[in-house]
Amino acid sequence: MSAVSAPRLRPFPLGDVRIGEDGMFARSRRQMLHLARAYPVDRLLAVFRANAGLDVRGAEPPGAWEGFGHPDEQPWSEHDYPGREAAHTANLLRGHYAGHFLSMLSLAAAGEADAGLRGKVDEFVAGLAEVQAALAASGRYSHPGFLAAYGEWQFSRLEQYAPYGEIWAPYYTCHKIMAGLLDAYELAGSTQALEIVTGMARWVGSRLRRLDAAQLQRMWSLYIAGEFGGMNETLARLAAVTGEPEFLDTARLFDQRELIDAGRSGLDILDGMHANQHLPQLIGYVDEYEATGDREYLDAAQGVWGQVVPGRMYPHGGTGESELWGPAGSVARDIGRRNAETCATYNLVKLSRRLFAHTLDPRYTDYIDRALSNHILGSRRDVDSDVSPEVTYMFPVHPGALPEYDNIGTCCGGTGLENHVTQQASIFLRGEDGDLWVTQYTPAELDWTERGVRVVLEQEHPFASTVRVRVEPTGGPLALTVHLRIPDWVEGEPRATVAGRPLALDVRNGYASVRRTWRRGEALTLELPTALRAVPAVDDPHLVHLRYGPHVLVARSDSTTALELAIAAARHPDGSLVSDADPAQALRDGGVTVDGIRFVPSWTGADARYHMYVRVADAAVGFAGVQTEVPARQREDGSTLLDDVWAGPGPVTVTEFAERVVTAVRDGLRDGLLGGAEAHTVLHAARAAVIAFGDGDGSAVASLDAARDSIRVDEPAAPAVEIRTAEPAAASGWHLQAPTVLLRAATWDGAQARIDVRIGDGRWQRYDGPLRVDVEGEVVVQARAIAGGRTGTATRVLHIDTRPPVTQARVTDLGASVEILLVAEDDVSGVEQIHWQGEGTFWATFQEAFVRTLTDREQVIEFAASDRAGNEEPLRRLVLPARSSVERG
């Protein structure tokens, strides 16, 4: 089937583009290719072979979600499933990880032109063919194309609306297997894979065509149980490959009308929805649009994308909390302890690539750059492994977060396999008119044989603002239009030269089009001005992340409470940040320092704690990194003079900056935030910042001087209030014992001030001396000082957690083994991790169940939980009986 609505741009074959070894993406690609070559295919096939009654050849499955299942589980069909009460089951998503691994092997084989990897693809596919044949020969299932690592019963139970718990997303797993097989055909040339996936597609159609539309819609709306990944994408791709319309008809049976209608109409229904349950189907809608020309598919995909980016997007490109979307325009309010599932970003990147190819809208390539350079690259731990993808499940954004690496056999472990062998897919694109599009800047090389040209991108290091584009014809001079992306992070006007001569850039819609005849040996040098900036969250101007070019920077600190930094005082007149050294060089050397805190790229792959957000909390007024001694007093609503200066959108020129400062000073005098002498000091500091930055015509300095001359130095200010504690907090930022609050007020004339204090939601009371705070959690302390008819206020948040978590051990008898689930609760700072020890093993887990086989002697499991504050539970014991005693009983 030929495309009815073909995209305007197409990617190059993966093997035509090479990632440069000196670029930032080379490390994770090399590490994932190592796993691709080292991991045995038999381990991936083990769950399939066991389900089909075939010899597993002594192989153990990958583990975690990808295990053999319950010892008593059978490969039930839809007719012999004994029911939920009688059926012992486990690992009900098994097979999905193997599908991802097959996709990864196929992608890697295509990208590396590696015969060894192609051989592994063939071995893998042959094993799946053997399993499919064995399942068909059993006569147990509804169609000979059935292929899974469990029985057909999950699919029939879904048709009866079985909930998540009894079943676990059977069509999700089906999609991963089918996608892997289709990748094996398209990328590695496996015709056997096409035969297998075609049989699976006929089986899917035979199941779904007998259901009515209402039943299908209800199935697809079920939380997790109805999750189907990108079944519509793979079936539409298969229809295009085979030319068989029935597969496109089957793809459309997965259309979720509620989401399509909401996306194309602009109605936002995402709040509370499972993010990665729905993102993959949007990619499928683009395939369905291309196959049918039905515009509602493309409109739906664009509409939902726009509801996620930027209103539900964290700095590194991630989305969601505990896999769910929060309210629209809610980022700061949706920060929990498990933000940004890596699967979701994987699918948002894939969707963005497809949407850009149709629309040429630079929003999509800006997102791709952000997500790949931060979330995706940072999702791979910087270690080599023969057994684990070492990727993140969540890449959280809360204070003092730790990435959730490893993830063998999980959903993000699966997509993570693919992420790091496909980085080259977003660098170069080709237009139907023969033009070349460069959408990402990282060292890379393109061999475009059809046009007889080699294109090389060069960059000295990842933080360099200069890139070189070499367009080298393999023959004579070549007329070629190259469209160069001008990213959203560029500061000021980009500049270009060829052979040292300036080249005028025609920048439209985020891209500069260079139309010229290229000759071998020429290079276009593109300068993309870059600055260090603090970017506020969409719903909280005081919560910011630091960015340098495409790189999101994270603060290194052991604290698990929000870092409060003097960010406003670190801003130049144009809003960029002062740092301890040139940011590019500092980042190249290991990190840039702002207000005494070191910031590093989010993509390092390190295990250390990080803060993706920091809180703007200036104690004193200052500009361009120089602080005055003027207190940053607060109004009753908490706002300060610095908030007035930098309220978004902030000033970007010295003239705008000077106007903001003058207005803020006058308002501050009116509101008691400043005295006259202090106003002079502030205006003088702003003047110095303008001169240092550069005031071309002197108008900014003149306006600051005029404002200073109009203000009397003897105008009074409100008292300045200071809140501190007698006891320092722990390294985590939490007080592990009830703290004592100390207050102090300073007046402009040295007079005595009355001080009142309020703890949390309590009443205001007179402050007569040190005050003990016996409340747990995040406690807001407010103080006000009154003198001379003026009131000064201050607010401070204390984090108090004096009690350790409590863990319960839940044990389920499996006969020859037991399943143990350790569940810890801490409703203050939250559980950090649970340690358990048994048989010489010590492990930390995020509350996942594990199985222990009973032996001929008692086993002792010791466990304890710690919280994010630093409290640790006393060590506890669980005794597992000897197997012989259980049998005698």
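Heavy-atom basis, side chains included; hydrogens, waters and symmetry copies ignored. What you see is a predicted model; the values in this text were computed from it and never measured.
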Indicate whether the side chain of [X] and that of [Y] have a donor and an acceptor atom separated by less than 3.5 Å.
X	Y	result
Gln256	Tyr285	no
Asp643	Ser639	no
Thr439	Ser426	no
Ser559	Ser557	no
His375	Thr345	yes
Asn232	Asp255	no
His420	Ser379	yes
Trp325	Thr319	yes
Thr442	Gln423	no

May I ask you to decide whether [X] forms a salt bridge with [Y], counting only side-chain N to carboxylate O separations under 4.0 Å?
X	Y	result
Arg615	Glu564	no
Arg635	Asp637	no
Arg868	Asp826	no
Glu321	Arg337	no
Glu404	Arg381	no
Asp488	Arg363	no

NZ or CZ of Arg338 within 45° of Tyr393 ring axis and under 6.0 Å: yes

Pair Leu553-Leu532, side-chain contact (heavy atoms from CB on, under 4.5 Å): steps then yes or no: CA-CA 10 Å; Leu553 309 181; Leu532 183 64; 3.6 Å; yes

Between [X] and [Y], does the ring centroid distance fall short of 6.0 Å?
X	Y	value
His545	Tyr314	no
Trp489	Tyr548	no
His274	Tyr223	yes

Less than 4.5 Å apart, any side-chain heavy atom of [X] and any of [Y]?
X	Y	result
Ile567	Leu577	yes
Thr725	Leu798	yes
Thr560	Ser732	yes
Phe623	Pro573	no
Asp867	Val828	no
Glu493	Ile486	no
Asp574	Thr653	no
Asp580	Val592	yes

Counterpart residues, salt bridge (charged side-chain N to carboxylate O under 4.0 Å, His left out), relative to Arg633 (two or more places apart): Glu678

Any sub-3.5 Å donor-acceptor pair from [X]'s side-chain atoms to [Y]'s backbone N or O?
X	Y	value
Asp382	Ala606	no
Tyr613	Ala537	no
Asn347	Ala344	no
Asp607	Leu402	no

Geometric class of the Trp603/His551 ring pair [parallel <30°, tilted 30-60°, perpendicular >60°]: tilted

Euclidean distance, [Y] [atom2] relative to [X] [atom1], rounded to 0.5 Å:
X	Y	atom1	atom2	result
Asn407	Met394	CG	CE	9.5 Å
Tyr405	Thr342	OH	OG1	9.5 Å
Arg556	Tyr610	CZ	OH	9.0 Å
Ser330	Ile335	OG	CD1	9.0 Å
Arg571	Trp646	CZ	CH2	6.5 Å
Leu429	Thr365	CG	OG1	9.0 Å

Where at least one partner belongs to residues 306-317, residue pairs that pass salt bridge (charged side-chain N to carboxylate O under 4.0 Å, His left out), sequence neighbours excluded: Asp268-Arg312

